[in-house]
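Structure, as structure tokens:
So you know, we letter chains A, B, ... as the sequences are listed, proteins then strands, and number each from 1.
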2 protein chains.
Amino acid sequence: MSSMQLGQDERLPLYQRLRDEIAARIAAGDWLPGGVIPTEAELTKTYGIATGTVRKAVDELVNDGLLQRRQGRGTFVRRPNFDSSFMRFFRQETKNSEGVREVPEGRVLALRSEKPSGDVRDALSLAAGEKVIHMERQRLANGRVLFHEDIWLPESRFSTLMTIELSAFDNLLYPFYEEVCEQRIASAHEELVVDVADEKVAGQLCISAGQPIVVIERLASGYDKTPLEYRISRGSADTFRYQIDIA
Amino acid sequence: MSSMQLGQDERLPLYQRLRDEIAARIAAGDWLPGGVIPTEAELTKTYGIATGTVRKAVDELVNDGLLQRRQGRGTFVRRPNFDSSFMRFFRQETKNSEGVREVPEGRVLALRSEKPSGDVRDALSLAAGEKVIHMERQRLANGRVLFHEDIWLPESRFSTLMTIELSAFDNLLYPFYEEVCEQRIASAHEELVVDVADEKVAGQLCISAGQPIVVIERLASGYDKTPLEYRISRGSADTFRYQIDIA
DNA sequence: GAGTGGTCTAGACCACATG
DNA sequence: ATGTGGTCTAGACCACTCA
């Protein structure tokens, strides 16, 4: 036949069905982060729909941050960069010579397989009895601890991590997950609360107990919305400044 | 002539010029918040451009939150509702019987005309010597103080406020500004930091000195981007929880 | 039933990137 | 020179709202 079928509910608009189809292909790994998807002309032919309709489908995915257009080159599956993460708003005076913000150094302190607590099991939607990998990690800038992280990953998908030496971990974990475990993070949800440091956290952050801290809880998911990583980050509140624009 | 001219730089795409034209008409007060703008068919005729182009211009303004489409009725100038404001994330157990969140009560404590501090003058971009109205205000839920606000307004635009009794102020200030002073807020920028309460703030919030607080700085502007209101809100940190989605 | 926005077509031509 | 996305046209028909 001359045109592929677009699945889904027949009552949905064409552009929504194509949008979901593209998202599904990315989730399935047919089109990988950093790679191109078929050209708009190809999509019109493949599915037998007009250019305007294809553009509207792609527009929506670009708005959602899943795709990225580059004129003259093609449309690419975007690697999320998490520019708006709370974590980026711990003030770090570390800029390189050109004034560009540097990625703070990441240092893995511990890595172990364990039975998840109820909170962790719920967050990652784990089956009963499923184990997790628990990573403890520091983020440092200029040798000073910016924040301390506890990270939990489902062992079923990340078991190869356990074979890695602690010093071999990269500053950026998500590309590392992709390389080592073939698990791709697509999006995340974060919650921020303020707390005061207890003795343990105070020691980790080199501050006094009772000082205010910022606690960031992150659940990161793959392109198919499966929860892949649960993370709690704690940093001293006095280095934190967050901003938004609203309308 | 059969079609109005779209101003601006000839090199810009038509849809961008139309978008800016519509935004300018709203800023100028030709089309008021809550009211309709001309239909898409009218816009195509007025400016002599195709429907798809008009739709793209309107699409962008809808995405920016300036316009709102209602199928079968028309396209309206949106009143900003500030749903994503940090202020909405002070946990308040106040819900009405249907579980809908209620607007916390606002109580104006003081209102005076004064010479602005350097910070306030900078934030509002005031000319030298220009005076401000300083309002102190509490937000309460269930009789408990949620947060305390200091609000500064340029006296030149808001002088009629000084003639109002403190008890006559509404819970929502922005519709009140519109009614009393004909000043319309379109958008805002907010910054959040954590601090600890000093004696004065502790008294205002009924907490102990040294407890962590959340400090929210807001600069609100009109449809023409003029800064209209500068506000600092302080609330106890233990009732605050903020969340975002990132990609 | 008249009028609104929502979806979709089947193109044309332009601007940009790359070999 | 070729192929990509970016802009724009001139409609048609559908879905919804309201008098």
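Checking side-chain atoms of A:Glu190 against main-chain N and O of A:Phe86 turns up a donor-acceptor pair under 3.5 Å. Not a single donor-acceptor pair under 3.5 Å links the side chain of A:Asn171 to the backbone N or O of A:Glu105.
Separating the CD atom of A:Glu40 from the P atom of C:dA15 is a distance of 17 Å, rounded to the nearest angstrom. The interatomic distance linking A:Gln68 (CD) with D:dG6 (C1') rounds to 16 Å, in whole Å. For the pair B:Arg55 CZ and D:dT9 P, the computed distance is 15 Å after rounding to whole Å. Atom CZ in B:Arg11 sits about 17 Å away from atom C1' in D:dG6, given to the nearest Å. Look at CG on B:Leu12: it is 13 Å from P on C:dA15, rounded to the nearest Å. Rounding to whole angstrom units, CD of residue B:Gln16 and C1' of C:dA15 are separated by 14 Å. Atom CG of B:Leu67 is separated from atom C1' of C:dG6 by 16 Å (rounded to the nearest Å). Distance, B:Leu18 CG to D:dT9 P: 11 Å, rounded to whole Å.
Between A:Thr75 and D:dG5 there is a side-chain polar atom (N or O) within less than 4.0 angstrom of OP1 or OP2. Listed pair A:Lys56 / C:dT7 meets the phosphate criterion, a side-chain N or O lying under 4.0 Å from OP1 or OP2. Regarding contacts with the backbone of C:dT9, a side-chain N or O of A:Thr53 is found under 4.0 angstrom from either OP1 or OP2.
Nearest nucleotide to the A:Arg69 side chain, out of D:dG5, C:dG5, D:dT7: D:dG5. When distances are taken from the side chain of A:Tyr15 to each of D:dC8, D:dT4, C:dT7, the shortest belongs to C:dT7. Nearest to the side chain of B:Pro13, among C:dG5, C:dC8, D:dT7, sits D:dT7.
Taking 4.0 Å as the cut-off between side-chain N and carboxylate O, A:Arg218 and A:Glu149 do not count as a salt-bridged pair. Remark: A:Glu21 engages A:Arg25 in a salt bridge, criterion side-chain N to carboxylate O under 4.0 Å.
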Derivation of the salt bridge (charged side-chain N to carboxylate O under 4.0 Å, His left out) call for B:Arg69 and B:Asp59: CA-CA 9 Å; B:Arg69 287 208 182 88; B:Asp59 276 346; 2.9 Å; yes
Footprint string (nucleotides 10-19 of chain D, 5' to 3'): B base within contact, S backbone only, - free, heavy atoms under 4.0 Å: BB---BBSS-
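Within 6.0 Å of the CD atom in A:Glu182, the count of heavy atoms belonging to other residues, nucleotides or ligands does not exceed 12.
A cation-pi arrangement is present between B:Arg70 and B:Phe76 under the rule of less than 6.0 angstrom and at most 45 degrees off the ring axis.
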